[in-house]
Amino acid sequence: MSRSARRRSNPLPGRSARKRQSGFALLEALVSVLIFSFGLLGLIGLEARAINFSVNAEDRNRAALLANDIASSMWLSGTVTVNTTALAGWQAKVSDPTGAGLLSGTVAITAVTTNSADIKITWQSSTSKAGDPPSQLKTRVTLP
């Protein structure tokens, strides 16, 4: 009897196929766990980035509110020039992260013309890495 004839006349036809497939379910389970783990890692990474964006947005909002306060005081006084006492007060408020200020916050007010000035607030984001440039918000105030 030839070799191919012996294969065809196997008394237990499904037995060799079962031997080849033994452990296949375990392999499928391991692959599915691996794929699921990569998905979870991706979700954790997305959540970390969302928190980072949220903190940066909060800092930017805080800087915009501080710049708005400075612009409002300019409108009330009717001039874009700020005396040194008022500038020191704004500087203290901007640089106080425990209050309404920002981490390493600074404010610079530059007169552009007699009735307009630039307000520039810079700060170091709490989520930034060493060597990253500071964040900044710049706005121009023009009085009538």
Side-chain angles (χ1 to χ4, degrees), residues 3-4 6-8 10-144:
R3 190 176 208 169
S4 62
R6 272 189 266 155
R7 277 192 208 150
R8 278 185 260 144
N10 191 357
L12 300 172
R15 189 166 190 202
S16 64
R18 272 190 242 133
K19 275 189 176 180
R20 280 185 272 136
Q21 290 186 359
S22 67
F24 191 72
L26 181 62
L27 184 63
E28 285 179 338
L30 288 174
V31 169
S32 64
V33 166
L34 180 71
I35 292 171
F36 183 72
S37 299
F38 280 130
L40 281 181
L41 284 175
L43 285 175
I44 290 170
L46 283 175
E47 185 176 350
R49 287 186 55 94
I51 289 170
N52 189 9
F53 287 138
S54 175
V55 169
N56 289 340
E58 182 183 351
D59 287 347
R60 187 159 296 282
N61 185 36
R62 201 178 289 178
L65 289 172
L66 290 165
N68 188 35
D69 284 348
I70 296 169
S72 296
S73 70
M74 289 178 176
W75 276 86
L76 288 173
S77 67
T79 181
V80 293
T81 58
V82 178
N83 62 27
T84 56
T85 307
L87 185 59
W90 285 113
Q91 183 62 46
K93 189 173 182 179
V94 168
S95 64
D96 180 22
T98 59
L102 298 159
L103 183 65
S104 302
T106 60
V107 62
I109 301 171
T110 309
V112 178
T113 63
T114 56
N115 67 339
S116 67
D118 286 339
I119 302 170
K120 181 179 173 185
I121 298 177
T122 59
W123 70 96
Q124 194 65 42
S125 176
S126 59
T127 60
S128 64
K129 298 172 189 72
D132 284 351
S135 299
Q136 68 178 5
L137 178 119
K138 191 175 187 180
T139 186
R140 180 165 289 176
V141 178
T142 304
L143 300 178

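Remember, it's a predicted structure, so these values are computed and weren't measured experimentally.
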Is there a donor-acceptor contact under 3.5 Å from the side chain of [X] to the main chain of [Y]?
X: Arg60; Y: Gln136; result: yes
X: Gln91; Y: Gly105; result: yes
X: Ser32; Y: Glu28; result: yes

Least distance between heavy atoms, [X] atom then [Y] atom:
X: Ser104; Y: Gln124; value: CB-CB, 4.1 Å
X: Trp123; Y: Asp59; value: NE1-CB, 3.4 Å
X: Asn83; Y: Ala86; value: OD1-N, 2.7 Å
X: Ala67; Y: Thr139; value: CB-CG2, 4.0 Å
X: Ile109; Y: Val80; value: CG2-O, 4.3 Å
X: Arg62; Y: Gly99; value: NH1-O, 4.4 Å

So, taking the atom named [atom1] in [X] and the one named [atom2] in [Y], what distance separates them when rounded to the nearest 0.5 Å?
X: Lys120; Y: Thr110; atom1: NZ; atom2: OG1; answer: 8.0 Å
X: Ile70; Y: Lys93; atom1: CD1; atom2: NZ; answer: 8.5 Å
X: Leu66; Y: Asn61; atom1: CG; atom2: CG; answer: 9.5 Å

Within a strict 4.5 Å, meaning less than it, do heavy atoms of the [X] and [Y] side chains meet?
X: Ile121; Y: Leu102; value: yes
X: Asp118; Y: Lys138; value: yes
X: Thr106; Y: Val94; value: no
X: Ile51; Y: Glu47; value: yes
X: Val107; Y: Leu87; value: yes

- [ ] Among Thr142, Leu143, Val141, find the residue that satisfies the side-chain contact (heavy atoms from CB on, under 4.5 Å) test when tested with Ser116.
- [x]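 With Ser116 as partner, Thr142, Leu143, Val141 yield a single side-chain contact (heavy atoms from CB on, under 4.5 Å), made by Thr142.
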Task: Test log, rule side chain to side chain donor-acceptor pair (under 3.5 Å), inputs Ser77 and Thr79 - done: CA-CA 6 Å; Ser77 67; Thr79 181; 5.7 Å; no
